[in-house]
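Written out below as C-alpha cells is the structure these notes cover.
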Amino acid sequence: MNLFRDMRGRILELLQGLAADGTLPAGLETVRVAVEPPRDASHGDMAVNAAMILAKDAGMKPRDLAALLADRIRTLPGVATAEIAGPGFINLRLDRAVWLDCLSAILAEGEGFGRSDMGGRGGRGARVNVEYVSANPTGPLHIGHARGTVFGDVLASLLAAAGYDVCREYYINDAGAQVDILARSAFLRYREALGDDIGAIPEGLYPGDYLKAVGSAIAAEDGARWRDAGEAEWLPAIRSKAVAAMMDLVRADLAALGVRHDVFTSERALVDAGKVGEALAELESRGLIYTGILEPPKGKAPDDWEPRPQTLFRASQFGDDVDRPLKKSDGSWTYFASDIAYHWDKYKRGFAIQIDVWGADHGGYVKRMQAATKAITGGKAALDVKICQIVRIMDQGEPVKMSKRAGTFVTLRDLVDEVGKDVVRFIMLTRKNDAGLDFDLTAVTEQSRDNPVFYVQYAHARCHSVMRMARTAMPGLDISPESLRAANFARLTDESELGLIRAMGNWPRTVESAAEAHEPHRLAFYMYDLASEFHALWTKGKEDATLRFIIEDDPELTTARLALVRGVQTVIAAGLGIFGVHPVEELR
RNA sequence: GCGCCCGUAGCUCAGCUGGAUAGAGCACCAGAUUCCUAAUCUGGGGGUCACAGGUUCAAGUCCUGUCGGGCGCGCCA
C-alpha cells in the first residue's frame, strides 16, 4: 500500500479524462507529475505539482489548470479538500479515515508494509546485480572494506524490498600479481611448517600470521612435495590453496557482519575459460580496439614514462577522457580487460542492470568501466557505480591511528567485535555514500540522541516496553495482533497520533525513492525521524496523562493506541530489517 | 595539467533527481521531567546554500567559469 503512488495514479487518470473530453490537449507528458508530502505539514497531506508541470504544454496558466484539476480531484473518494497554493500547487487533505485505514494496512501487512513492486509488475521483478566487497583474496577484510560491504549489502536488500530480483555478487581478483605474492608468502609459511628456518618475511610479501595456518595445512596435506620444487612447479597449486583459504577467511568476516553473497565469480576462471579473449574479440569486431600511443598525463608524468604502442580500447567514444590500455607490456591482459569480460559476462547472465560498489580510490575508474559496459553490450546494460568515501575511525572525537605495529586494530573483524555488527551496519549508512564519514567508537555505543542507532533502537524497544506494560496494567486486555488490527482506530484523534500515522504512510515512498536513487542512507534518516516523532508523543504523555498509550479505564482507546504503537514498531522493524540490523526489544 | 566527488547554521550533516518561508542533531539560551523504561521532551537565537554568471513560471538542486578540500591519472587491483 502506497497512498502517494495510488493518488498519483488516480490523478493521471483524471488527466486522461480531461484529455479525452478535449479540455486538455492529448498526449501531455506526465512523467514529472509528482504527489509528495508538502514540505510544510500545515499545507496538508499531499502536494501535487501537475498544474505547474503541464501548464506550458496545455497552453494554460498554472493556477487556472490547477483550479480545473482541483475540481476533479475533489470528487475523488477520500479527498477532503483540494486547495491551490503558491505558483500552482494543489494541496490535498485526505479524510481522516484514509489515514486510519493506512494504519490498518500496516498492521495487516506487517513488515511487508513498504515493499514495492516497482522493480517489475505482475510477477518477477527486473534482475539487478549488485557487486560489492570484491576485496583481493590476500588476507582478512580490513576496516576500509566495511563501508562498501554494508552499503552494497543493504542496497541489495533495499532493491529486493522494492521488487527487484537481486543477485549479490563478489568478484574474486585471483588472477593478478597480488595472488602470486600471496602464493610466495604462503610458500614460506609452508616451509616454516615443515621446520625450515625462514627468517624474517622479506619486504613485499604478506607477513600476516594468518598465513601460518595456510602453510601448516598445505604441509599436512602435501608433505614435503613442494619443498624443493621450482616456483613454476609449486606456484599454481599453492596459489590456489592459499586463495581458497583467504576466501574462507573473507567469508567468515562477511558472515560476522551478516553479509552473504549469492555468487562468487573468479577472475581466473573467466580468464581460463577464454572469456577475456571473447570479450576483446567482440570489441574488435565493432572496431573499438586499435594500437596506439597514449600521451603521458600532464603535470604528473611518471619518471619512467616512455611512449609505447599499446592495445587500446576506444573508451573516449563512450564518454571516457582517453582510450584505455588492454594489454600489459608483457602481453598479458590488464585488469581492465578482464573486468570488461566480467561485466559482459554479467550481462550475458541476464543482468541489464548492474551496480558496482567501489572505494573512493577507484573513482578514476568509473568512466572507463561504464564506457566499456556500454560498448560491449551495445548500450543494453546500465552500470551504476557507487563510490563509498573513506571512513575515519575516531575515538572520543580524535582520529584513531591504525597500524598493526601500534597494536590498534585494523581488521573488519576487530571493529565488529568492538561495537557489534548492528552498530557497524547502521552507522555506515548514516551518511550519503559519496560523503566522508566519521565513525566514533565511543559515540556509536552511547545512549543518547546523538547516536542514531541507539535512538532508533530505543524507539523500537520502547514500543515493546509499552506492550509489556499494558499486559501488566491491564491483564484482561487482548493485545494480540488480531485484536489490535480490529481496534477502533477512530479513537485516535490527537494531532500527534495522526502525525505519526502520516509519517508511517511515508515509509513506502521512502523505500521506493531510496531504491530508485540507490541511496540506502535515506532509510536511516527516515527511521531517525520516525523515532523522533514517536519519542515526542511518548513524552507528551508525561505532561498530559490523557495522551498516554495505556488508559486503564478505557480499553477501547488503549487498544487503538497500542495499535498505533504496534504500527511504529512494525515500520521501524521493517527498516532495520532492510538494514540487516536486529531490532532489539529491550535496552539494557 | 586533466577527470571524478565534495563545499548548506559555530560543529556534524539531511534536503525525497527543479517546487512553496532551506531543515535536523550537537553546541548555546530559556523551560518541562514525583512519568507507560532514566538514558528525554518543548520553545528560541543562529544562513549571501563557497563565489560569479546563465537556463525558466520556479535553482541548494541543472549549465558555464572561478576559488577551496578529497581521490585518481600507461604495463596495481
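Every chain is numbered from 1, with letters handed out A, B, ... down the list of sequences. Quick caveat, the model's predicted, so the values are computed rather than measured.
Under the side-chain hydrogen bond (donor to acceptor under 3.5 Å, both in side chains) criterion, A/Arg561 pairs with A/Glu497, not counting sequence neighbours. Residues satisfying the side-chain hydrogen bond (donor to acceptor under 3.5 Å, both in side chains) test with A/Asp321, not counting sequence neighbours, are A/Lys367. Scored by the ring-ring contact (aromatic ring centres under 6.0 Å, His included) test, A/Tyr528 finds A/Tyr455 as partners (sequence neighbours excluded). Here A/Gln457 pairs with nothing under the side-chain hydrogen bond (donor to acceptor under 3.5 Å, both in side chains) rule; sequence neighbours left out. Take A/Glu203 and apply the side chain to side chain contact (heavy atoms under 4.5 Å, CB included) test, not counting sequence neighbours, and it matches no residue. Annotation: side-chain hydrogen bond (donor to acceptor under 3.5 Å, both in side chains) contacts of A/Ser185 (sequence neighbours excluded): none.
Between the side chain of A/Arg509 and the base of B/C16, at least one donor-acceptor pair of N or O atoms lies under 3.5 Å.
Taking the P atom of each, B/C16 and B/U61 are spaced 12 Å apart, rounded to whole Å. Separation of the C1' atoms belonging to B/G46 and B/A24 is 14 Å when rounded to the nearest angstrom. Distance noted for atom C1' between B/U33 and B/G43: 15 Å (whole Å). B/A14 sits 29 Å from B/A58 when the P atoms are compared, rounded to a whole Å. Using atom C1' as the reference point in both B/C63 and B/U21, the two lie 27 Å apart (nearest Å). The same atom, P, is picked in B/C76 and in B/U8; the two are 39 Å apart, to the nearest Å. Rounded to whole Å, the P atom of B/U17 lies 29 Å from the corresponding atom of B/C41. B/U42 and B/A59 are spaced 33 Å apart, taking the P atom of each and rounding to whole Å.
Both tests pass for A/Arg509 against the ring of A/Phe4: distance under 6.0 Å to the centre and angle within 45° of the axis. Relative to the ring axis of A/Phe313, A/Arg368 does not place its NZ or CZ within 45° and under 6.0 Å from the centre.
Considering only side-chain N and O atoms, A/Lys367 lies under 4.0 angstrom from the phosphate OP1 or OP2 of B/C4. Neither OP1 nor OP2 of B/A24 sits under 4.0 Å from any side-chain N or O of A/Tyr526. At B/A39, one or more side-chain N or O atoms of A/Tyr458 fall inside 4.0 Å of OP1 or OP2 (strictly under the cut-off). In this structure, A/Arg471 does not reach the B/C36 phosphate: none of its side-chain N or O atoms is under 4.0 Å from OP1 or OP2.
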- Item | Bracket string, RNA chain B, 5' to 3' - pairs by Watson-Crick or G-U geometry under 3.5 Å, | interstrand | (((((((..((((.....[...)))).(((((.......))))).....(((((..]....))))))))))))....
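A salt bridge links A/Glu131 to A/Lys346: at least one charged side-chain nitrogen sits closer than 4.0 Å to a carboxylate oxygen. Using a cutoff of 4.0 Å between basic side-chain nitrogens and carboxylate oxygens, A/Asp356 and A/Lys386 are not scored as salt-bridged.
Residue-level contact check: A/Ala47 touches the bases, meaning some heavy atom is under 4.0 Å from a base atom. Counting non-hydrogen atoms under 4.0 angstrom, A/Ala85 reaches a base of the nucleic acid. Nucleic acid contact for A/Glu446: none, since no nucleic acid atom lies under 4.0 Å from a heavy atom of the residue. The residue A/Ser465 sits close to a base: some heavy atom pair falls under 4.0 Å.
Considering NE2 of A/His145 and SG of A/Cys388, their distance stands at 12.0 Å, rounded to 0.5 Å. Rounding to the nearest 0.5 angstrom, the gap separating the CG atom in A/Leu270 from the CH2 atom in A/Trp333 is 13.5 Å.
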Just distance, no hydrogens or angles: give the donor-acceptor pairs under 3.5 Å from side chains in residues 460-467 of chain A, sequence neighbours left out.
{"unit_1": "A/His460", "atom_1": "ND1", "unit_2": "A/Val584", "atom_2": "O", "d": "2.7"}
{"unit_1": "A/Arg462", "atom_1": "NH1", "unit_2": "A/His535", "atom_2": "ND1", "d": "3.0"}
{"unit_1": "A/Arg462", "atom_1": "NH2", "unit_2": "A/Tyr458", "atom_2": "OH", "d": "2.9"}
{"unit_1": "A/His464", "atom_1": "NE2", "unit_2": "A/Gln569", "atom_2": "NE2", "d": "3.4"}

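Comparing A/Asn91 and A/Glu585 by the nucleotide of RNA chain B whose heavy atom lies nearest to each, the residue mapping closer to the 5' end is A/Asn91. Annotation: of the two residues near RNA chain B, A/Ile550 and A/Pro37, the 5′-most nearest-nucleotide partner is A/Pro37.
Summarising the geometry, the separation between CH2 on A/Trp538 and C1' on B/A39 is reported as 11 Å, rounded to the nearest angstrom. Spacing between atom CG of A/Leu530 and atom P of B/G25 amounts to 15 Å, rounded to whole angstrom units. Here B/A20 presents its P atom at 10 Å from CG of A/Asp40, a figure rounded to the nearest Å.
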- Note on the structure: In B/S/- notation (B base, S sugar-phosphate only, - none; protein heavy atoms under 4.0 Å), nucleotides 9-14 of chain B written 5' to 3' is ---SSS
- Task: Determine, for nucleotides 63-77 of chain B in 5'-to-3' order, which nucleotides have protein heavy atoms under 4.0 Å from the base (write B), from only the sugar-phosphate (write S), or from neither (write -).
- Result: --------SSBBBSB
Distances for protein N or O near nucleotides 57-62 of chain B N or O, under 3.5 Å:
{"unit_1": "B/C57", "atom_1": "OP1", "unit_2": "A/Lys56", "atom_2": "NZ", "d": "3.1"}

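For the side chain to side chain donor-acceptor pair (under 3.5 Å) condition, the pairs that include at least one residue of residues 428-439 of chain A, sequence neighbours left out, are A/Arg392-A/Asp438.
A/Phe426 pairs with exactly one of A/Phe454, A/Phe439, A/Phe579 by the ring-ring contact (aromatic ring centres under 6.0 Å, His included) rule, that one being A/Phe579.
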